[in-house]
Amino acid sequence: MSVMPEGTVLAFDFGERRIGVAMGETMLGIAHPLLTIDTEITDARFAAIGKLIDEWHPAQLVVGLPMHQDDTEHQMTQLARRFANRLKGRFGLPVWLVDERLTSVIAESMLAEAGVRGRKQKPALDQVAAQAILTTWFESHGTAV
């Protein structure tokens, strides 16, 4: 198991079209939605992530790992693992994987409680899902890539 560095953490809710991003600090253990990267172009995605890393100087990164309810993997599981490995290779930071089951449901519920419903949820859903992923990581620390 890798040693968890202290400091800022960026978390990602990986999707083929959009990547939700959240940030938090290990000392506080509180996650905040940040933004959604909305492009399918790999170079543009990593350029946007590079800008976030330059701005926030994270000590580590967290990626949500989608799984079926019965603990089996599916196509998105493999894509998220590949994304996590690319992050580690490009940015040289520790990368953690966290089970993201139910984070979209949690994100929808959080947005509904805040009065954000229907079509208004879509732009914020991915970053709030990333916030739920980071909150889960703060509670359990996931698995190092």
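Positions are given from 1 along the sequence.
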With sequence neighbours left out, what residues match [X] under side-chain contact (heavy atoms from CB on, under 4.5 Å)?
X: Glu40; answer: Arg17
X: Ala44; answer: Thr39, Ile41
X: Asp70; answer: His68, Thr72

Set of salt bridge (charged side-chain N to carboxylate O under 4.0 Å, His left out) partners for Glu139, sequence neighbours left out: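 Scan of Glu139 (salt bridge (charged side-chain N to carboxylate O under 4.0 Å, His left out), adjacent residues dropped) gives none.
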
Could you pull out the closest heavy-atom pair between [X] and [Y], with the gap in Å?
X: Leu134; Y: Val9; value: CD1-CG1, 3.6 Å
X: Pro66; Y: Ala80; value: CD-CB, 3.6 Å
X: Gly15; Y: Met76; value: CA-CE, 4.0 Å
X: Ile37; Y: Ala48; value: CD1-CB, 4.0 Å

Output every pair passing salt bridge (charged side-chain N to carboxylate O under 4.0 Å, His left out) with a member in residues 50-69, not counting sequence neighbours, ordered by first then second residue.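 Sorted result for residues 50-69: empty, none.
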
If you define the side chain from C-beta out and look only at heavy atoms, does anything of [X] sit under 4.5 Å from [Y]?
X: Gln127; Y: Val21; answer: no
X: Ile53; Y: Leu10; answer: yes
X: Trp96; Y: Val63; answer: no

Members besides Leu28 in its Ile/Leu/Val/Met/Phe/Trp/Tyr cluster (side-chain heavy atoms under 4.5 Å):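 Its cluster mates, by chain and number, are Ile30.
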
Could you give the distance from CG (Leu65) to OG1 (Thr77), rounded to the nearest 0.5 Å?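 One finds 5.5 Å between CG of Leu65 and OG1 of Thr77.
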
Rounded to the nearest 0.5 Å, how far apart are CG of Leu97 and CH2 of Trp137?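 Nearest 0.5 Å value for the CG-CH2 distance: 12.0 Å.
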
Quick test of your reading of the model: are Arg18 and Asp126 salt-bridged, counting only N-O distances below 4.0 Å?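 Salt bridge between Arg18 and Asp126, a charged N being under 4.0 Å from a carboxylate O: yes.
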
Under the criterion side-chain contact (heavy atoms from CB on, under 4.5 Å), I'd like the reasoning laid out for Gln60 against Thr26: C-alpha separation, chi angles, the key distance, then a yes or no. CA-CA 10 Å; Gln60 56 214 330; Thr26 56; 3.5 Å; yes

Side chain Gln131, main chain Ala31, donor-acceptor under 3.5 Å: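 Yes, because the side chain of Gln131 sits within donor-acceptor range (under 3.5 Å) of the backbone of Ala31.
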
Tell me every residue that passes side chain to side chain donor-acceptor pair (under 3.5 Å) with Thr8, counting only those two or more places apart in sequence or in another chain.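 Checked Thr8 against side chain to side chain donor-acceptor pair (under 3.5 Å); matches are Glu25.
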
Could you tabulate the donor-acceptor pairs under 3.5 Å formed by side-chain atoms of residues 84-92, not counting sequence neighbours?
unit_1	atom_1	unit_2	atom_2	d
Asn85	ND2	Arg81	O	3.3
Lys88	NZ	Val145	O	2.7

Listed once per pair and sorted, the ring-ring contact (aromatic ring centres under 6.0 Å, His included) pairs that draw on residues 23-56, sequence neighbours left out: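 As it turns out, the ring-ring contact (aromatic ring centres under 6.0 Å, His included) pairs with a partner in residues 23-56, which skip direct neighbours, are Phe46-Phe83.
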
